[in-house]
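The sequence lines fix the lettering, A, B, ..., with proteins before strands; numbering per chain opens at 1.
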2 protein chains.
Amino acid sequence: MNQLFSKMSIQMNEHLYLKDPTSSDLGQKILRGSISLISSLGFEKFTFKKLAIEIDTTEASIYRYFESKQKILLYLINWYWSCMWFRIHMGTQNIPDAEVRLKNCIHILTAIPDPTQELVLDNELELKQIVINESSKVLLTKNVDDENKNGAFTEYKKVVEFVSSIILEINPTYEFPNMLISTMIEGSNQQRFFAAHLPRLTNMNQHDDLVESFFTETLLKVIKHG
Amino acid sequence: MNQLFSKMSIQMNEHLYLKDPTSSDLGQKILRGSISLISSLGFEKFTFKKLAIEIDTTEASIYRYFESKQKILLYLINWYWSCMWFRIHMGTQNIPDAEVRLKNCIHILTAIPDPTQELVLDNELELKQIVINESSKVLLTKNVDDENKNGAFTEYKKVVEFVSSIILEINPTYEFPNMLISTMIEGSNQQRFFAAHLPRLTNMNQHDDLVESFFTETLLKVIKHG
DNA sequence: TTATATTGATAGTAATACTATTATATTTGT
DNA sequence: ACAAATATAATAGTATTACTATCAATATAA
């Protein structure tokens with residue numbers, strides 16, 4: 001049952017749920033339903049009531065799995081980052097050249113994955129869209145520190161540190177590897193949002209996707225001119 | 001009365017309010033009060049009821065100035081960007097060397113302003129903090145497109161395009177000036193947030209501020225190695 | 001087959017995001 | 001100085017949200 005959603009098994013942080021949603025039918029309907037509703041309504045208009053109607057259950061039942069809609073979103077985002085962590089491992093194994101490894105990571109972190117080849121989760125594309133549009137709504141809150149203590153962002157931090165270490169292999173004197181990677185990750189999501197809604201803030205449109213090439217060029221220039 | 005808050009007069013987009021809040025005593029109390037409450041509570045816990053109590057008026061009176069709390073936040077963000085636009089003009093006038101102009105812009109956009117020298121608004125520091133912590137909550141919504149049509153982001157876009165044009169003066173063949181500047185602006189805010197709450201995503205802490213030096217170094221390397 | 005856990009059905013509460021109405025000040029034009 | 005217009009205060013009310021609580025029905029496991 002664990003594999004229903006994915007080609008890999010993911011161990012999720014237990015502070016994010018009250019009852020493991022992968023362990024039951026209803027739990028999985030909650031995950032599926034929330035992905036689809038958050039995508040379509042946006043996080044502010046997404047409610048447990050609406051989700052209950054959508055998946056034909058009751059608010060009370062959903063509350064047995066998740067404390068709040070914020071926790072569901074944290075769960076989904078964590079799930080996405082576990083998936084990225086997995087893909088980054090796959091994409092850097094047995095590659096001796098650090099620059100090639102870095103380029104693979106940049107690709108994984110900034111490009112929209114090719115649905116015929118690269119997907120690790122069934123709903124990876126929808127999940128990525130949720131990360132792009134909604135993740136700052138649970139990150140930029142007064143209780144980040146509590147969520148952080150509970151490990152809500154561990155997977156994300158692991159990814160950033162892993163890629164930063166590749167940068168240091170290429171240029172051991174480079175001073176800002178973590179800043180560069182977290183800027184790239186957040187920036188790539190923002191640039192996609194801007195391309196869709198505020199194109200004057202970018203140099204691209206929705207049809208020619210320059211995100212990966214922009215960040216690849218930027219990072220290599222910055223790292224190699226130490 | 002227009003000058004009560006600032007050393008410059010700012011013409012605010014009239015789609016952002018129902019009644020000009022700079023035109024009355026109550027209006028100015030609403031602005032002051034919302035800046036202080038949004039800073040202390042965070043945007044999600046900020047309500048018109050709480051603001052009404054704080055400034056000793058009623059919800060109904062506040063609703064005569066602003067349609068919703070989202071509009072107040074948009075107003076404040078717009079105000080901040082008008083202020084940045086003004087500072088960027090001041091900081092680039094009569095400077096023939098494009099690289100110096102660019103460095104001044106990077107400073108204005110990424111550094112915390114020196115309170116004894118650089119402030120243009122009384123509440124510029126609080127406003128900047130609100131932009132750092134809250135602006136994505138009105139940007140990343142399903143109605144960005146409507147707000148954008150109403151001109152809610154015009155000042156921001158003007159700033160990005162102005163600085164991008166300086167980049168093109170330095171290197172006319174550079175392909176991604178707007179992406180670089182909007183990534184820098186958003187990134188500098190995020191890096192400050194990370195330094196305060198998720199330091200593993202950065203290479204700094206709250207006490208040694210590397211944001212300006214990181215972005216100055218990055219931008220110059222990227223632009224000049226065409 | 002009895003005990004246990006899981007879900008459904010229903011109800012209820014406090015807070016939020018508003019709208020509406022009327023009364024009371026305050027300002028302004030003449 | 002006074003009527004007219006305007007701004008604000010006071011109060012009430014509604015639909016929705018974000019929960020909590022209770023109890024019955026149903027599936028599952030010992």
Can you find a side chain N or O atom of A/T58 that sits less than 4.0 Å from OP1 or OP2 on C/dA9? no
Is there a Watson-Crick or G-U wobble partner for D/dA30 with both distances under 3.5 Å, and which nucleotide is it? C/dT1
Heavy atoms under 4.0 Å, any strand shown: does B/K49 hit a base, just sugar-phosphate, or nothing? nothing
All side-chain hydrogen bond (donor to acceptor under 3.5 Å, both in side chains) counterparts of B/S34, not counting sequence neighbours: none
Measure the shortest side-chain to side-chain distance between A/S135 and A/I130 over non-hydrogen atoms and say whether it is less than 4.5 angstrom. no
Quick one: which protein N/O atoms are closer than 3.5 Å to N/O atoms of nucleotides 18-24 of chain C? Pair and distance per line, please.
| unit_1 | atom_1 | unit_2 | atom_2 | d |
| --- | --- | --- | --- | --- |
| C/dC18 | O5' | B/Y63 | OH | 3.0 |
| C/dC18 | N4 | B/E59 | OE1 | 3.4 |

Give a yes/no answer on whether the side chain of B/S24 brings an N or O atom under 4.0 Å of OP1 or OP2 in C/dT26. no
Under a criterion of less than 4.0 angstrom to any heavy atom of chain A, what are the 5'-terminal and 3'-terminal contacting nucleotides of DNA chain D? D/dT17 to D/dA21
Distance in angstrom units between A/L26 CG and C/dA5 P, rounded: 18 Å
Using distance only, find each side-chain donor-acceptor pair of residues 54-61 of chain B under 3.5 Å and give its atom names and separation, not counting sequence neighbours.
| unit_1 | atom_1 | unit_2 | atom_2 | d |
| --- | --- | --- | --- | --- |
| B/T58 | OG1 | B/S61 | N | 3.3 |
| B/T58 | OG1 | B/S61 | OG | 2.9 |

Under 4.0 Å, heavy atoms only, any strand: does A/F66 hit a base, just the sugar-phosphate, or nothing? nothing
Between A/Y65 and C/dT6, is there a side-chain N or O to OP1/OP2 distance below 4.0 Å? no
Check ring-ring contact (aromatic ring centres under 6.0 Å, His included) between A/F193 and all other residues, then give those that pass, not counting sequence neighbours. A/H197
Between B/N13 (side chain) and B/N150 (backbone), is there a donor-acceptor pair under 3.5 Å? yes
Which salt bridge (Lys or Arg N to Asp or Glu O under 4.0 Å) pairs, counting each pair once, include a residue from residues 9-18 of chain A, with sequence neighbours left out? none
N/O donor-acceptor pairs under 3.5 Å from side chains in residues 81-91 of chain B, not counting sequence neighbours:
| unit_1 | atom_1 | unit_2 | atom_2 | d |
| --- | --- | --- | --- | --- |
| B/S82 | OG | B/N78 | O | 3.0 |
| B/R87 | NH1 | B/E124 | OE2 | 2.9 |

Name all residues meeting the side-chain hydrogen bond (donor to acceptor under 3.5 Å, both in side chains) criterion together with B/T110; count only those two or more places apart in sequence or in a different chain, and write none if there are none. none
Describe the nucleic acid contact of B/K45 in one word from base, sugar-phosphate, nothing, applying a heavy-atom distance below 4.0 Å. nothing
Tell me, which pairs form a salt bridge (Lys or Arg N to Asp or Glu O under 4.0 Å) where one or both residues lie in residues 135-162 of chain B, sequence neighbours left out? A/R200-B/E161, B/E44-B/K137, B/K71-B/E147, B/E134-B/K137, B/E155-B/K158
Would you kindly give the CG-to-P distance between A/D56 and C/dG8, to the nearest whole Å? 8 Å
Just how far, in rounded Å, is C1' of C/dG8 from CD1 of A/I62? 12 Å
